[in-house]
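Encoded as structure tokens, the structure appears first; notes follow it.
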Amino acid sequence: MPTRNVVSWNAMIDGFVKSGNLVSARKLFDEMPERNNISVTSLIDGYAKAGDMASARVLFEQSAGKDVFSWSAMITGYVQNGRPGEALKIFLEMLEKNINPDEVIMVGLMSACSQLGSLTLAKWVDSYIAKSSMDVKRAHVLAALIDMNAKCGNMERAVVLFESMPNRDLISYCSMMQGYSIHGLGVKVVELFSWMLNEGIVPDDVAFTVVLTSCSHAGLVKEGNRYFGMMKNEYSIAPSPDHYACMVDLLGRAGRLEEAYELIKSMPMEPHAGAWGALLGACRLNCDMELGEMVAKKLFEMEPQNGGNYVLLSNIYAAADRWADVSKFEWKQQLANELEASSGFSQEQQRIANREELVKEKVENRDFE
DNA sequence: GTAGGGTTAG
């Protein structure tokens, strides 16, 4: 029974993909006597999850009779690898092939749209879904719609969608809170967070990241501290290095540099560059040259290729009227930029970024009707 | 036996 055979091969391929063993997945794929769309989609997804969109693309182009699943794997692959322009492009290609998108594809497209921040596209996608026969009440679809509208600057629409939900879950709350956060409405974020708790929804590490960064940006020190404690004590979530970085940022912005520094030193793990970077930003904000120099020195060692650190230190010197030091570090920053530009990885990143910009521009000028 | 929503800097 050849059909049955394909099914078992596919199950094995998917097993390898899910466990991250792409080499074995590929080996099976090459060796199997007969392949179908499912084999291809599994492997495309594997490459996409591993960040290798080039291989995914080759496989996709080679496959005959592409279906919604293979298109979907490509679209979400680009989205998850931060290449929304490519996701959009391939979506448009799919429409030209007269393949109808389903909910999963639209969720991917909305995520791409959020990343692009294009209100034009957001409006088109929103009405496209409304006109379609898709189930708009599905949690995935709604959360994506809320996220897209909030990130593309249509908060009113995001609010309407959110309030129309009969059962809000953790993700839709996070989308909404993040939306308020982006728009500088930290007080609303805190309010929503407590509503969420009142509804009996249990926050996770991401939810705390959202509320903590929001408190930090809005200067809500007391609340931030409270949530940080709540996360550890009431929900038994061990703070990640990123949570610590949020708290360093929160304290630092509020001018409490000493406490911020103490917090870094008290971390149970080695602080990452993000935490030190938050402290350096705070040193700049509070014109603390002594601590700033120390932190900057550490960061120059940890990530010499990051030009931003040189900028921050030279800003600190500028504020202190130490112009000789300023020019010294501006020169160093230039060096760091050149270093970054000369590495192949960054060139690739730059190439992608330029391409994304181009696609975005085209989208803005396109008539979505 | 295949694809899906939320987080992190200055």
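Just the heavy atoms: all of them, side chains too, but no hydrogens, waters or symmetry mates, feed the values below. Convention: sequence-line order gives letters A, B, ...; per-chain numbering from 1. Bear in mind that the values here come from a model prediction, so they are computed numbers and not experimental data.
- Here the P atom of nucleotide B/dT7 and the CG atom of A/Asp205 are 13 Å apart, to the nearest Å.
- For the pair A/Ile129 CD1 and B/dG4 P, the computed distance is 17 Å after rounding to whole Å.
- At a threshold of 4.0 Å, the pair A/Lys297-A/Glu293 does not count as salt-bridged, since none of the basic side-chain nitrogens sits closer than that to a carboxylate oxygen.
- Tested against A/Tyr173, the residues A/Trp195, A/Phe162, A/Phe193 include a single ring-ring contact (aromatic ring centres under 6.0 Å, His included) partner, A/Phe162.
- Rounded to whole Å, the distance from CE on A/Met196 to C1' on B/dG6 is 11 Å.
- When only modelled atom types and interatomic distance are considered, A/Ser240 and A/His243 share a side-chain donor-acceptor pair under 3.5 Å.
- Atom NZ of A/Lys265 is surrounded by more than 12 heavy atoms from other residues, nucleotides or ligands within 6.0 Å.
- Nucleic acid contact for A/Asp14: sugar-phosphate only, since backbone atoms but no base atoms lie under 4.0 Å from a heavy atom of the residue.
- Relative to the side chain of A/Val206, the nucleotides B/dT7, B/dG5, B/dA3 differ in distance, and B/dT7 lies closest.
- Here A/Ser240 lies out of heavy-atom contact (under 4.0 Å) with every strand.
- Out of B/dG10, B/dA3, B/dT2, the shortest distance to the side chain of A/Asp67 is found at B/dT2.
- Within 4.0 Å (heavy atoms only), A/Leu170 reaches at least one base atom of the nucleic acid.
- In this model, the phosphate group of B/dT2 is not approached by any side-chain N or O of A/Lys49 to a distance below 4.0 Å at OP1 or OP2.
- OP1 or OP2 of B/dA3 has not a single side-chain nitrogen or oxygen of A/Gln80 nearer than 4.0 Å.
- On a pure distance criterion of 3.5 Å, no polar donor-acceptor pair joins the side chain of A/Asn315 and the base of B/dG10.
- Counted by atom type alone, A/Asp169 and A/Ser172 present one or more donor-acceptor pairs between their side chains at under 3.5 Å.
- Looking at A/Asp67 and A/Trp71, their side chains never bring a donor and an acceptor atom within 3.5 Å of each other.
- Under 4.0 angstrom from either OP1 or OP2 of B/dA9 there lies no side-chain N or O belonging to A/Arg253.
- For the pair A/His217 and B/dT8, the criterion of a side-chain N or O lying under 4.0 Å from OP1 or OP2 is not met.
- As a whole-Å value, the separation of A/Leu43 CG from B/dA3 P is 12 Å.
- Applying the 4.0 Å criterion to OP1 and OP2 of B/dG5, one finds that A/Ser114 has every side-chain N and O outside that range.
- Among the atoms of the strands shown, none is found under 4.0 Å from any heavy atom of A/Lys66.
- As rounded to whole Å, 8 Å separates atom P of B/dG6 from atom CD1 of A/Ile171.
- Here the side chain of A/Ser175 is nearest to one of B/dG5, B/dG4, B/dG6, namely B/dG6.
- Note on A/Asp249: nothing from the nucleic acid sits closer than 4.0 angstrom, heavy atoms only.
- For A/Arg284 and B/dG10, the CZ to C1' distance is 7 Å, given to the nearest whole Å.
- The side chain of A/Asn306 lies closest to B/dG10, out of B/dG5, B/dG10, B/dA3.
- When distances are taken from the side chain of A/Lys18 to each of B/dG5, B/dG6, B/dA3, the shortest belongs to B/dA3.
- Of the candidates B/dG4, B/dG10, B/dG5, the closest approach to any side-chain atom of A/Leu280 belongs to B/dG10.
- Look at CE on A/Met302: it is 15 Å from C1' on B/dA9, rounded to the nearest Å.
- Here the side chain of A/Thr213 is nearest to one of B/dT7, B/dA3, B/dA9, namely B/dA9.
- Using a 4.0 Å heavy-atom cutoff across all strands shown, A/Ala48 reaches no nucleic acid atom at all.
- Among B/dG4, B/dG6, B/dT2, the nucleotide with an atom closest to any side-chain atom of A/Ala207 is B/dG6.
- One can place CG of A/Leu279 at 14 Å from P of B/dA9, the figure rounded to the nearest angstrom.
- Contacts of A/Gly277 with the nucleic acid, taken as non-hydrogen atoms under 4.0 Å apart, include base atoms.
- You'll find a donor-acceptor pair under 3.5 Å spanning the side chain of A/Arg138 and the base of B/dG4, going by distance alone.
- Of the candidate nucleotides B/dG4, B/dA3, B/dT8, B/dT8 has the atom lying nearest to any side-chain atom of A/Thr209.
- Side-chain proximity of A/Thr41 to the nucleotides B/dA3, B/dG6, B/dG10 is greatest for B/dA3.
- Neither side chain, A/Tyr47 nor A/Arg57, offers a donor N or O lying under 3.5 Å from an acceptor on the other.
- Residue contacts for A/Asp102: at a heavy-atom cut-off of 4.0 Å it reaches a base atom on one of the strands shown.
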